[in-house]
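Sequence positions, counted from 1, serve as the residue numbers for this chain. Since the model is a prediction, treat every value here as computed from it, not as a measurement. Scope of the values below: all heavy atoms of this structure, side chains included, with no hydrogens, waters or symmetry mates.
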Amino acid sequence: MIGLRKKALVSWSSGKDSAWALQVLRRSNEYEIVGLLTTINSNFDRVAMHGVRRELVEAQADAAGLPLWKVPLPWPCSNQEYEAAMNSAYARATDAGVDVVAFGDLFLEDVRQYREDRMRGLELNPVFPLWKVDTGQLIKDMWADGVRSRIVCLDPRKLPPSFAGRDLNQQLVDEFPPGIDPCGENGEFHTFVYDGPMFANAIPVQSGNVVTRDGFVFIDLSLPASAEAREKANVRN
């Protein structure tokens, strides 16, 4: 019954895996999605790690029809500060009656263990709707269902910097060096999802400057400046 569904937050990075986790949970009768939980680098006003502008993540939340739970982080941010910020977010979630937090992790055991350890003893439970799904099949399922994403951050030790700003599709995956996971689960790259079945409309984006910072390559995405450009970009093919 719908009334018995568990209230769930989705840990939201702005990338394809968290977006697909949202879609998988929405297809389930087990959960009621109540929000997207994301960390924001307060100094740069961007999503931590991915480097995506806050207004783009807000546009995703609007398109998904969900509130965005923003967790501000200082910069630089120690692990202790990060955990304190997340504990505050989890306490807020508990007060709001949230039952679970969903993560888009795929197969990294240490990452899952960390999340489970941090939430142990809380009234919240972590769930992993994509866990151990074959990543080669997973990315094809995303594409088949209309998920469109762009590489916004990459590790230049694993991928050429020229891959930043390119859409993640079969052509791009075919160009990957040997050993690169098609979903980037080993930290090879991170993405921004601008279209997919989890959104009521596409997110219009334009690519800007490419920069190298802290050993990673980032491309700056932004919303088109004019309303006309946004409207054109929002029309799906």
Checklist outcome for this item: Per side chain to side chain contact (heavy atoms under 4.5 Å, CB included), Glu32 is matched among Arg5, Arg26, Lys6 by Arg5
Item to check | Identified side chain to side chain contact (heavy atoms under 4.5 Å, CB included) counterpart of Phe218 within the set His190, Arg213, His50 | outcome: Arg213
Item to check | Reported CG-to-CZ distance for the pair Leu172 and Phe163, which is rounded to 0.5 angstrom | outcome: 5.5 Å
Checklist entry - Roughly how far, to the nearest 0.5 Å, is CG of Asn186 from CG of Asp181? => result 5.5 Å
Checklist entry - What are the two closest heavy atoms between Ala8 and Tyr31, and how far apart are they? => result CB-CD2, 4.1 Å
Next on the checklist: Go through it in stages, so that I can follow the logic: the residues are Gln170 and Asp174, the test is side chain to side chain donor-acceptor pair (under 3.5 Å), and I'd like the CA-CA distance, side-chain angles, deciding distance and then a yes or no.
Outcome noted: CA-CA 6 Å; Gln170 187 63 62; Asp174 288 343; 2.8 Å; yes
Item to check | Within-4.5 Å side-chain heavy-atom neighbours: Thr39 and Met86 | outcome: yes
Checklist entry - Does the side chain of Ile139 come within less than 4.5 Å of Met142's, by heavy atoms? => result yes
Checklist entry - Cation-pi between Arg118 and Tyr90: NZ/CZ under 6.0 Å from ring centre and within 45° of the ring axis? => result no
Checklist entry - Between Ser42 and Pro72, which heavy-atom pair has the shortest distance, and what is it? => result OG-CB, 3.4 Å
Item to check | Side-chain heavy atoms of Leu159 within contact of Pro177, under 4.5 Å | outcome: yes
Checklist entry - Counting only heavy atoms not in Asn79, do more than 12 sit closer than 6.0 Å to its CG atom? => result yes
Checklist entry - Short question: side chain of Glu185, backbone of Phe107 - any donor-acceptor pair under 3.5 Å? => result yes
Checklist entry - Within a radius of less than 6.0 Å around CD of Gln206, do more than 12 heavy atoms belonging to other residues, nucleotides or ligands occur? => result yes
Item to check | Connected via hydrophobic side-chain network under 4.5 Å: Trp143 and Tyr194 | outcome: yes
Next on the checklist: What I want to find out is whether Arg120 reaches Asp117 closely enough, with some N-O distance under 4.0 Å, to be called a salt bridge.
Outcome noted: yes
Checklist outcome for this item: Between the CD atom in Gln60 and the OG atom in Ser18, the distance rounded to the nearest 0.5 Å is 7.5 Å
Checklist entry - Do you know the tightest heavy-atom contact between Val57 and Ser14? => result CG2-CB, 4.3 Å
Checklist entry - Taking all atoms of both residues into account, what is the closest heavy-atom pair of Ser207 and Leu221, and its distance? => result OG-CD2, 3.5 Å
Checklist entry - Taking a hydrophobic cluster as the set of Ile, Leu, Val, Met, Phe, Trp and Tyr residues connected by side-chain heavy atoms closer than 4.5 Å, whether directly or through intermediates, do Phe216 and Val52 fall within one such cluster? => result no
Checklist entry - Would you say Leu108 and Leu130 are hydrophobically clustered, going by side-chain heavy atoms of ILVMFWY under 4.5 Å? => result yes
Next on the checklist: Looking at Lys158, I want to see if its NZ is surrounded by more than 12 non-hydrogen atoms of other residues, nucleotides or ligands under 6.0 Å.
Outcome noted: yes
Item to check | Ring centres under 6.0 angstrom apart (Phe189, Phe176) | outcome: yes
Next on the checklist: In terms of relative ring orientation, are Phe103 and Phe128 parallel, tilted or perpendicular, with 30° and 60° separating the classes?
Outcome noted: parallel
Next on the checklist: Nearest 0.5 angstrom please: Trp20 CH2 to Cys183 SG, how far?
Outcome noted: 11.0 Å
Checklist entry - Hey, are Asp220 and Arg46 close enough for a salt bridge, meaning a charged N less than 4.0 Å from a carboxylate O? => result yes
Checklist entry - Atom CG of Asn87 and atom OG1 of Thr94: how far apart are they, to the nearest 0.5 Å? => result 10.0 Å
Checklist entry - Has the side chain of Ser28 got a donor or acceptor atom that lies under 3.5 Å from a matching backbone atom of Val24? => result no
Next on the checklist: With a 6.0 Å cut-off (strictly less than), is the heavy-atom count around CD of Gln171, excluding the residue itself, greater than 12?
Outcome noted: no
Checklist entry - Is there a side-chain contact between Asp45 and Ile40 (heavy atoms, below 4.5 Å)? => result yes
Item to check | Minimum heavy-atom distance Ala48-Leu73, with the two atoms named | outcome: CB-CD1, 4.1 Å
Item to check | Distance-minimising heavy-atom pair for Met198 and Ala19 | outcome: CE-O, 3.4 Å
Checklist entry - Do the non-hydrogen side-chain atoms of Cys153 and Met49 ever get within less than 4.5 Å of each other? => result yes
Checklist entry - Is there side-chain contact between Val147 and Pro197, with at least one heavy-atom pair below 4.5 Å? => result yes
Next on the checklist: So Leu223 and Leu56, do their side chains get closer than 4.5 Å, heavy atoms only?
Outcome noted: yes
Checklist entry - Under 3.5 Å, is there a donor-acceptor pair between the side chain of Glu188 and the main chain of Ile180? => result no
Checklist entry - In terms of heavy-atom contacts, does CD of Gln137 have more than 12 from other residues, nucleotides or ligands at under 6.0 Å? => result yes
Checklist entry - Got a salt bridge between Asp105 and Arg112, using NZ or NE/NH1/NH2 to carboxylate O under 4.0 Å? => result no
Checklist entry - Do Leu9 and Tyr82 share a hydrophobic cluster, counting only Ile, Leu, Val, Met, Phe, Trp and Tyr and linking them when any side-chain heavy atoms are less than 4.5 Å apart? => result yes
Checklist entry - Side-chain heavy atoms under 4.5 angstrom apart, residues restricted to Ile, Leu, Val, Met, Phe, Trp, Tyr: same cluster for Ile203 and Val193? => result yes
